[in-house]
Peer 1: 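Take a look at the following structure, please.
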Amino acid sequence: MSDVLLRDQIAGALKDALGRAAGELGWSGVDGEPIKVERPENPDHGDYATSVALRLARPVRKPPRDIAEAIRERVKVGGPIASVEALNGFVNIRVDLKWLASQVDEIVRADKQFGRSKALAGKRMQIEFVSANPTGPLTVANARGGPLGDALSSVLEFAGAAVEREYYVEDTGTQFDTFGRSIAIRYRQLHGENIEIPPDAYPAEYVKDIAAGIKAREGDKWMKLSLEEQTKRFAPEGVEWVLREAKRVTAMLGIHYDTWFSQAELMRSGYFEKTLAELRKLGKVYEKDGAVWLEASEAVDDKEGWVLVRSNGEPGYLGKDIAYHVQSLRERAFDKKIDIWGSNTHYHLIQMRAAMKVLGLLDRFEVVLYQYVRFLHEGVLKRMARRSGEFLLLEDVIEAVGKDATRYFFLQSSADRQLDFDLELAIQQSNENPVYYVQYAHARIASILRTAAERGITSDGGDVALLTEKGELDLVRLALRLPELVDDIRQHYGVHQLTTYALELAGAFHGFYRDHRVVDDADVPRSKARLRLVLAVQVALRQTLGLIGVSAPDKM
RNA sequence: GGCCCCGUAGCUCAGUGGAUAGAGCAGCAGCCUUCGAAGCUGUUGGUCGGGAGUCCGAGUCUCCCCGGGGUCGCCA
């Protein structure tokens, strides 16, 4: 494959033509308008189109049609560009059909490289996702960040970046202590002590399981400790249990982290004090009521500041998170850190942006916020909350509908949209999950290839120049959309578009299959050419499913 | 109350300011002696929540209103 996207080649040709038109006709004001090239919905409007002439009408002070015509006359036709047309102020471009057919060979040859680019070559990026409080098992609510973060990581890798998938373990602070205390209380209860679970503790069964595990291994060995001593003793053990679970369940989803980064270690590294000192030096920190505050008035109108260190001397979450981000970007030298967060951190995001701005790191800090996942519990929509004990375990969902359907479900809608999860419905409808529609197309192609091989026909030596029908070339057009999509997503992070694309490509193939016989003993040359075509479609499907993190089966 | 997200077909949702708003599911009518029917074809279904505005052009941008969700702590 060429290193330059066809879309960008066309944009370049248009820009070149526009520049010469402006020079020859004495136009001014054309430089400010970027040339956006899109794929028109209506095939009558060509393969690619730009509306730049419409946008330039005002600055150039010419009718759009005249501008479009002037561009059309000057676009150099050749290579992938077969023809140019000016219509209603648009400039429409048609791709050369021979060139298009030749791309089948390029796609097949690229195979696992198809869709990859060097756009982000040399960039190191850290994507942090899921990272739920290590105080309990993963629920469907925390889980949404998994497929989003993993797929985004894959896309950025496709675009050439060196990506590190990170799970941030928040193993310090109040919730951590509360978790330890909850285990300690259960441990005491198991030894017959009459002690109640306080309302702010974690009440759920798994806490009992952890306590029972400790009792089974070590008996009453810790009963002589005070509750506070037990809390300190059991909290790390609880976190260990939680992380083991998190590792196991994310692996069930096909997610594998490069780093599990401990907040406790961050605190021991001294980075917190270092960051605090830097903020102090910048004059953005002040003391009040025995606490240390970050200046906030520049970022938010009616707020004076936010606490970095509490009056009891304990670092607050905001302070720790600022230090964490500084550590990633400076110490570990990532060019960019992208966090996948639930929308309940919206206010935290405002705080973090303010802090990153002060530290000069704002342009290296990005966040994808996803809206909350609710679940249907006994017919009522509820928020999941581990502290209330009401949640739906991610593991249960994966076991019920499978990894592929689970991932596909979470990637179908944009992060901005709220999701409601009904387990019963999900199980009932799991066979209708669109993921099977896409996988079926992949398996169907595999089956065609098997059938062909049985009849002694392979794609080897197939001449793609024989691919001239519209139905054939439309498949190539669509397959070539993948590299463009990867380039889009690396910029706007909208990974859900991968599922839409997968569905579109699969649908196009299913339609093609109905109208075109691939394996035909009476016409071996054409069969070979079409085998190469379906192979190219299979490559595009497999690459797309790979980015989504869903398997591409040869049989179903 | 301030800030953020959402409101598009019966349901679930796509839709970088472009040309005639789409898909899956559900409904209806069809299609397997031939490469996989987990499929295909046709068809029903829309005041893009409502109203103003910006623009050559608005589902998309701005403002107001309505409805749903989130958030605003020396918790994380």
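Only this structure's heavy atoms are used, side chains among them; waters, hydrogens and symmetry mates stay out. Since the structure is predicted, the reported quantities are computational estimates derived from the model, not experimental observations. In what follows, chains carry the letters A, B, and so on, assigned in the order in which the sequence lines appear, proteins first and then strands, with residues in each chain numbered from 1.
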Peer 1: Could you walk me through whether A/Arg181 and A/Glu228 pass the salt bridge (Lys or Arg N to Asp or Glu O under 4.0 Å) test, one step at a time?
Peer 2: CA-CA 7 Å; A/Arg181 189 169 302 107; A/Glu228 277 319 294; 3.4 Å; yes
Peer 1: I'd like the P distance from B/A58 over to B/C48, given in whole Å.
Peer 2: 13 Å
Peer 1: Is there a side-chain contact between A/Ser343 and the phosphate of B/C4, meaning an N or O under 4.0 Å from OP1 or OP2?
Peer 2: no
Peer 1: Say you pick atom C1' in B/G39 and the same atom in B/C32; how far apart are they, in whole Å?
Peer 2: 10 Å
Peer 1: For B/C75, give its Watson-Crick or G-U wobble partner with both distances under 3.5 Å, or none.
Peer 2: none
Peer 1: Starting at CH2 of A/Trp293 and ending at P of B/C74, how long is that distance when rounded to a whole Å?
Peer 2: 5 Å
Peer 1: If we call it a pair only when both distances are under 3.5 Å in a Watson-Crick or G-U wobble match, what pairs with B/G46?
Peer 2: none
Peer 1: So, A/Phe90 versus A/His45, ring centres under 6.0 angstrom or not?
Peer 2: no
Peer 1: Less than 4.0 angstrom between a side-chain N/O of A/His516 and OP1 or OP2 of B/C35, yes or no?
Peer 2: no
Peer 1: Would you say A/Ser311 reaches B/C74's phosphate, i.e. side-chain N/O to OP1/OP2 under 4.0 Å?
Peer 2: no
Peer 1: Kindly say if A/Arg455 contacts the phosphate of B/U34, meaning a side-chain N or O under 4.0 Å from OP1 or OP2.
Peer 2: no
Peer 1: The side chain of A/Glu432 is closest to which nucleotide in this list: B/C25, B/G36, B/U71?
Peer 2: B/C25
Peer 1: A/Tyr48 and side-chain contact (heavy atoms from CB on, under 4.5 Å): which partner among A/Leu6, A/Asn92, A/Leu14?
Peer 2: A/Leu6
Peer 1: What is the base-pairing partner of B/U54, counting Watson-Crick and G-U wobble geometry with both distances under 3.5 Å?
Peer 2: none
Peer 1: Check the distance between B/U54's P and A/Arg58's CZ and give it to me in whole angstrom.
Peer 2: 12 Å
Peer 1: May I ask you to say what A/Asp289 touches in the nucleic acid, namely base, sugar-phosphate or nothing, with a heavy-atom cut-off under 4.0 Å?
Peer 2: base
Peer 1: Could you state the OH-C1' distance from A/Tyr440 to B/C35, rounded to the nearest angstrom?
Peer 2: 11 Å
Peer 1: When you match A/Thr500 and A/Arg374 each to their closest nucleotide on RNA chain B, which lands nearer the 5' end?
Peer 2: A/Thr500
Peer 1: Give me the distance, rounded to whole Å, that separates B/G51 from B/U8 when you measure between the P atoms they each carry.
Peer 2: 15 Å
Peer 1: With no angle test and no hydrogens, is the base of B/G36 tied to the side chain of A/Ser447 by a donor-acceptor pair under 3.5 Å?
Peer 2: yes
Peer 1: What is the distance, rounded to the nearest whole Å, between atom CD1 of A/Ile445 and atom P of B/G39?
Peer 2: 15 Å
Peer 1: Looking at A/Ser311 and A/Gly290, would you say the former's side chain and the latter's main chain have a donor-acceptor pair under 3.5 Å?
Peer 2: no
Peer 1: Would you mind classifying the nucleic acid contact of A/Ala443 as base, sugar-phosphate or nothing, using non-hydrogen atoms under 4.0 angstrom?
Peer 2: base
Peer 1: Which letters describe nucleotides 16-23 of chain B, given B = protein heavy atom under 4.0 Å from base, S = only from sugar-phosphate, - = neither?
Peer 2: BSBBB--S
Peer 1: Whole Å only: how far is the CD atom of A/Gln412 from the C1' atom of B/G24?
Peer 2: 8 Å
Peer 1: Measure the distance from CG on A/Asp521 to P on B/C35 and round it to the nearest whole Å.
Peer 2: 12 Å
Peer 1: Decide, for B/C32, between syn and anti: a glycosidic angle within 90° of 0 counts as syn, anything else as anti.
Peer 2: syn
Peer 1: Can you tell me how far P in B/G27 sits from the matching atom in B/G10, rounded to whole Å?
Peer 2: 15 Å
Peer 1: Closest-nucleotide mapping onto RNA chain B: is A/Gly173 or A/Ala446 further toward the 5' terminus? I mean the 5' end.
Peer 2: A/Ala446
Peer 1: Taking pairing as Watson-Crick or G-U wobble with both contacts under 3.5 Å, can you name the mate of B/A23, or confirm there isn't one?
Peer 2: B/U12
Peer 1: Applying a 4.0 Å non-hydrogen cut-off, can you work out what A/Tyr513 is touching in the nucleic acid: base, sugar-phosphate, or nothing?
Peer 2: base
Peer 1: Which protein N or O atoms sit under 3.5 Å from an N or O of nucleotides 6-9 of chain B?
Peer 2:
| unit_1 | atom_1 | unit_2 | atom_2 | d |
| --- | --- | --- | --- | --- |
| B/G7 | OP1 | A/Arg417 | NH2 | 2.9 |

Peer 1: For atom P, what is the distance between B/A23 and B/U62, given to the nearest Å?
Peer 2: 29 Å
Peer 1: Go through it in stages, so that I can follow the logic: the residues are A/Tyr370 and A/Leu419, the test is side chain to side chain contact (heavy atoms under 4.5 Å, CB included), and I'd like the CA-CA distance, side-chain angles, deciding distance and then a yes or no.
Peer 2: CA-CA 10 Å; A/Tyr370 62 85; A/Leu419 289 182; over 6 Å; no
Peer 1: Does B/A29 have a Watson-Crick or wobble partner in any strand here, with both distances under 3.5 angstrom, and which is it?
Peer 2: B/U41
Peer 1: Looking at B/G36, which nucleotide sits across from it as a Watson-Crick or G-U wobble partner, both distances under 3.5 angstrom, or is there none?
Peer 2: none
Peer 1: Rounded to the Å, how far apart are A/Arg530 CZ and B/U34 P?
Peer 2: 19 Å
Peer 1: Between A/His348 and A/Tyr317, how do the two ring planes meet: parallel, tilted or perpendicular, split at 30° and 60°?
Peer 2: tilted
Peer 1: With under 30° as parallel and over 60° as perpendicular, where do the rings of A/Phe179 and A/Tyr206 fit, or are they tilted in between?
Peer 2: tilted
Peer 1: Has A/Arg65 got a side-chain N or O lying under 4.0 Å from the OP1 or OP2 atom of B/C56?
Peer 2: no
Peer 1: For A/Ile322 and A/Leu308, run side chain to side chain contact (heavy atoms under 4.5 Å, CB included): C-alpha distance rounded to whole Å, both residues' side-chain angles, the deciding distance at 0.1 Å, then the answer.
Peer 2: CA-CA 9 Å; A/Ile322 295 169; A/Leu308 297 173; 3.8 Å; yes
Peer 1: Taking B/G53 as the reference, what is the distance to B/G67 when you measure between their C1' atoms (whole Å, please)?
Peer 2: 23 Å
Peer 1: Measure the acute angle between the ring planes of A/His516 and A/Phe512, then classify it against the limits of 30° and 60° as parallel, tilted or perpendicular.
Peer 2: parallel
Peer 1: Closest to the A/Tyr436 side chain: B/G73, B/A38, B/C74?
Peer 2: B/A38
Peer 1: Could you state the CD-P distance from A/Gln175 to B/G73, rounded to the nearest angstrom?
Peer 2: 16 Å
Peer 1: Side-chain donor-acceptor contacts of residues 404-415 of chain A below 3.5 Å, not counting sequence neighbours, with atom names and distances?
Peer 2:
| unit_1 | atom_1 | unit_2 | atom_2 | d |
| --- | --- | --- | --- | --- |
| A/Asp404 | OD1 | A/Ser551 | N | 3.3 |
| A/Asp404 | OD2 | A/Gln439 | NE2 | 2.8 |
| A/Asp404 | OD2 | A/Ser551 | OG | 2.6 |
| A/Thr406 | OG1 | A/Gly402 | O | 2.6 |
| A/Arg407 | NE | A/Ile548 | O | 3.0 |
| A/Arg407 | NE | A/Gly549 | O | 3.4 |
| A/Arg407 | NH1 | A/Asp150 | OD2 | 3.1 |
| A/Arg407 | NH1 | A/Leu253 | O | 2.7 |
| A/Arg407 | NH2 | A/Asp150 | OD2 | 2.9 |
| A/Arg407 | NH2 | A/Ile548 | O | 3.1 |
| A/Tyr408 | OH | A/Thr499 | O | 3.0 |
| A/Ser414 | OG | A/Asp416 | N | 3.4 |

Peer 1: Donor-acceptor check, side chain of A/Tyr372 to backbone of A/Met384, threshold 3.5 angstrom: yes or no?
Peer 2: yes
Peer 1: Side chain of A/Tyr347 only, heavy atoms from C-beta on: which candidate in B/U71, B/A76, B/G36 is closest?
Peer 2: B/U71
Peer 1: Does the structure show a Watson-Crick or G-U wobble partner for B/C3, both distances under 3.5 Å? Name it, or say none.
Peer 2: B/G70
Peer 1: Hey, is the main chain of A/Ala264 close enough, under 3.5 Å, to the side chain of A/Asp171 for a donor-acceptor pair?
Peer 2: yes
Peer 1: Of all the choices, B/G70, B/A76, B/G36, which nucleotide is nearest to the side chain of A/His346 once you look at every atom?
Peer 2: B/G70
Peer 1: Kindly point out which of B/G73, B/G24, B/G39 is positioned nearest to the side chain of A/His510?
Peer 2: B/G39
Peer 1: Between A/Glu469 and A/Arg530, is the closest basic N to carboxylate O distance under 4.0 Å?
Peer 2: yes
